Amino acid sequence: MSADVTAVVVRLKLSLLRNGLRQSGGRRAAYIVSAVVTLLFAALQLLGLIALRGNAHAVSVAVLLVAVLAVGWAVMPLFFPGGDETLDPTRLVMLPLRPRPLVRALLAASLVGIGPVFTLCLLVGSAVSVAHGGVAYVVAVVGVVLALLVCVALARAVAVANIRLLTSRKGRDLAVLSGLVIAIGAQLANFGVQRLGSSGLAQLDPAGDVLRWVPPASAIGAVDSASSGSYGVAVAQLALSAGALVALVALWSRHLTRLMISPDGSTLQAATDSAARERTSTGLGRLLPGGRTGTVVERSLRYIWRDPKTKAAWVTSLAIGLIVPVFNALQGTGSIYFACFAAGMLGIQMYNQFGQDTSAFWMVATTISSPRDAYVELRGRALALLVITLPYAAFVTVVTTAMLGDWARLPEALGLSFALLGAMLATGAWTSARFPYSIPQEGYKNVAPGQTGLAWISIFGGMIAAALLCAPVITLTIWLNVMRDGDRWSWVLLPVGTLYGAAITLAGLRLAAPRTAARLPEILAAVSRG
């Protein structure tokens with residue numbers, strides 16, 4: 001019976017993959033390209049790890065890599081709950097299946113896909129890089145299998161333990177953190193690579209000495225122990241990984257049993273509370289101006305807080321806007337002008353303003369009957385962005401200045417940031433009316449099929465235009481830096497940049513308003529496609 005269930009679930013996984021690829025040629029091409037790139041990267045990593053054979057620090061690299069892989073498998077279900085349909089066992093609750101056979105079947109199905117193949121390549125490379133001798137290779141075979149099963153079981157246990165949250169509407173907001181984690185992880189990886197390039201692999205040894213006893217990295221540590229003749233240590237390290245696998249499967253089975261016999265009441269209390277909650281204006285609403293301007297500002301801020309796609313974009317921009325200047329300052333390669341990155345990342349949020357509303361834009365469109373209405377609408381949206389972007393850009397600039405100790409250049413950095421922010425608000429308002437595109441509400445795509453070209457023109461064309469609009473302030477900055485006694489007048493850049501940014505923002509809004517009012521039907525059709 002267990003073998004039959006396993007075969008059926010594996011075939012189900014293959015059918016889901018095959019049917020998903022049949023939906024459209026674009027999806028099939030994207031899957032093939034991603035698979036080829038991933039496997040190519042895995043092959044290069046495999047060759048690189050094999051090239052480490054004989055290096056004194058190879059074991060430290062190998063166990064650290066396996067530990068990072070395990071962390072990736074653990075967080076994958078939290079950030080990408082829709083990436084694998086079989087991660088949701090609630091689809092099988094109506095079938096007459098016992099938890100233990102189902103666990104074995106789902107574990108086997110989890111080994112089908114690009115992710116497991118990628119992980120297997122890295123595990124094989126890690127094992128080969130530290131294996132020396134026949135016994136070590138035997139241990140390597142056992143260790144690779146154990147490490148792969150631990151990674152997969154860890155992902156399944158995390159998914160089942162949180163499946164009620166992940167499949168709820170509120171739980172999908174967890175995906176917002178993915179942008180933050182990716183941004184921080186990329187900068188940490190960049191920082192780590194630069195440190196390793198300057199100091200060598202020896203600084204990984206302290207972490208490697210600890211991780212070689214932490215499953216599933218302990219399975220690769222066992223290969224190194226067997227290579228040096230420490231067979232008792234190798235057995236102990238393999239036992240740790242085997243014990244972790246048994247514990248994870250037991251935890252998975254227990255949560256699966258509870259999930260399949262318990263009713264889903266995850267949304268009952270929330271619905272009751274929502275129905276009973278009194279609809280009153282927030283404290284922020286009472287601080288905003290009256291009329292349409294205040295209404296637009298509050299609506300835009302509510303979208304930022306409540307809409308998962310909008311929130312994800314903001315979280316990513318806020319994180320990257322701080323990480324880039326701070327990490328460059330930490331590495332000693334930073335400049336105070338990197339602080340302008342915060343204003344640039346946040347200014348992007350002004351682009352495609354109407355597309356962020358998706359099909360709900362028709363309610364806004366019914367209230368716009370003249371260029372004046374369009375101007376007030378765009379002005380309210382710009383003010384909502386400024387509530388966040390102005391203090392944040394100033395904060396990042398001050399932090400970067402403090403880390404670099406270059407306080408004399410703080411006024412010009414702030415002036416440049418404010419000028420850039422104003423230019424991006426101006427170009428964002430115009431491109432929102434000229435090149436609107438739809439943002440799908442479901443999934444992780446940010447552009448509807450067939451509108452990718454519009455998105456590129458809107459964002460990158462607007463950014464180039466914003467850079468050109470900032471040319472006067474940039475020219476003044478360069479002139480003051482090269483002229484004699486220019487430092488005495490650098491403070492002028494703060495009021496000049498601030499006033500220039502405000503003026504260019506108002507000019508951009510006034511130019512965009514007539515076009516917005518005239519193109520309402522086209523805008524509505526474009527943003528409603530998703």
Side-chain angles (χ1 to χ4, degrees), residues 291-314 317 346-386 389 421-443 445-466 469 504-530:
R292 179 171 187 140
T293 299
T295 302
V296 173
V297 172
E298 186 172 6
R299 184 186 70 224
S300 299
L301 294 176
R302 285 181 182 273
Y303 277 172
I304 294 172
W305 180 250
R306 293 182 177 181
D307 180 61
K309 285 288 183 72
T310 306
K311 187 189 295 186
W314 272 94
S317 297
L346 296 178
I348 292 176
Q349 304 307 317
M350 186 64 185
Y351 293 82
N352 197 35
Q353 274 292 304
F354 308 127
Q356 296 174 19
D357 294 358
T358 63
S359 58
F361 178 67
W362 72 268
M363 292 187 292
V364 177
T366 58
T367 66
I368 299 176
S369 58
S370 66
R372 173 63 184 174
D373 293 336
Y375 172 74
V376 176
E377 176 72 24
L378 289 169
R379 184 181 63 186
R381 292 173 183 251
L383 287 175
L385 267 68
L386 289 173
T389 55
L421 181 59
M424 296 197 74
L425 291 178
T427 56
W430 191 84
T431 58
S432 293
R434 183 64 183 83
F435 303 108
Y437 57 91
S438 176
I439 301 177
Q441 293 179 283
E442 300 296 331
K445 295 181 178 179
N446 290 317
V447 183
Q451 293 185 325
T452 305
L454 286 174
W456 280 86
I457 294 174
S458 174
I459 297 175
F460 290 98
M463 291 172 65
I464 294 173
L469 287 175
I504 204 70
T505 298
L506 292 175
L509 295 177
R510 292 196 176 278
L511 286 174
R515 182 172 292 273
T516 301
R519 299 189 74 249
L520 275 179
E522 293 88 344
I523 296 174
L524 184 58
V527 303
S528 301
R529 283 187 57 179

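Please read these numbers as outputs of a predicted model, since none were measured by experiment. Side chains are part of it too, since the values below use all heavy atoms of this structure and drop only hydrogens, waters and symmetry mates. The chain is numbered in sequence order, starting from 1.
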side-chain contact (heavy atoms from CB on, under 4.5 Å) between Ile459 and Tyr437, worked out:
CA-CA 11 Å; Ile459 297 175; Tyr437 57 91; 3.6 Å; yes
Between Asp357 and Arg381, does a side-chain contact (heavy atoms from CB on, under 4.5 Å) hold up when you go through it step by step?
CA-CA 12 Å; Asp357 294 358; Arg381 292 173 183 251; 2.6 Å; yes
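- Contact detail for Ala526 and Pro436: the closest heavy-atom pair is CB-O, 3.6 Å.
- Heavy atoms only, all atoms of each residue included: Trp305 and Lys311 are closest at O-CE, 2.6 Å.
- The shortest non-hydrogen separation linking Leu509 to Ala429 is CD2-CB, 3.7 Å.
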Could you please spell out the steps behind the side-chain contact (heavy atoms from CB on, under 4.5 Å) verdict for Val364 and Arg299?
CA-CA 11 Å; Val364 177; Arg299 184 186 70 224; 3.9 Å; yes
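- Separation of atoms CD1 (Ile457) and CZ (Phe435) is listed at 5.5 Å; rounding is to 0.5 Å.
- Closest approach of Ala466 to Ala423, counting heavy atoms only: O-CB, 3.6 Å.
- Nearest heavy atom pair, residue Ala426 against residue Thr505, reads CB-CA, 4.2 Å.
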Please test Leu421 against Leu386 for side-chain contact (heavy atoms from CB on, under 4.5 Å), starting from the C-alpha separation and ending with a verdict.
CA-CA 9 Å; Leu421 181 59; Leu386 289 173; 3.9 Å; yes
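- Contact annotation: the side chain of Met350 never approaches that of Thr389 to less than 4.5 Å [non-hydrogen atoms, C-beta and beyond].
- Taking CZ of Phe361 as the reference point, atom CG of Leu524 lies at 6.5 Å (rounded to 0.5 Å).
- Side-chain N or O atoms of Tyr351 include one that pairs as donor or acceptor with a backbone N or O of Gly462 at under 3.5 Å.
- Using modelled atom types, one side-chain atom of Gln356 and one backbone atom of Gln349 make a donor-acceptor pair closer than 3.5 Å.
- Side-chain N or O atoms of Arg519 include one that pairs as donor or acceptor with a backbone N or O of Ala433 at under 3.5 Å.
- For the pair Phe354 and Leu378, the minimum side-chain heavy-atom distance is below 4.5 Å.
- Looking at Ile348 and Met463, their side chains come closer than 4.5 Å, going by heavy atoms from C-beta outward.
- Under the 3.5 Å distance criterion, the side-chain polar atoms of Arg292 are left unmatched by any main-chain donor or acceptor of Val376.
- Separation of atoms OG (Ser300) and CD (Glu377) is listed at 7.0 Å; rounding is to 0.5 Å.
- The CG atom of Leu385 sits 6.0 Å away from the CG atom of Leu425 when rounded to the nearest 0.5 Å.
- Atoms CG and OG1, from Leu511 and Thr427 in turn, are 12.0 Å apart once rounded to the nearest 0.5 Å.
- For the residue pair Leu301 and Ala384, the shortest heavy atom distance occurs at CD2-O, 3.7 Å.
- With a 4.5 Å cut-off on side-chain heavy atoms, Leu346 and Trp314 count as touching.
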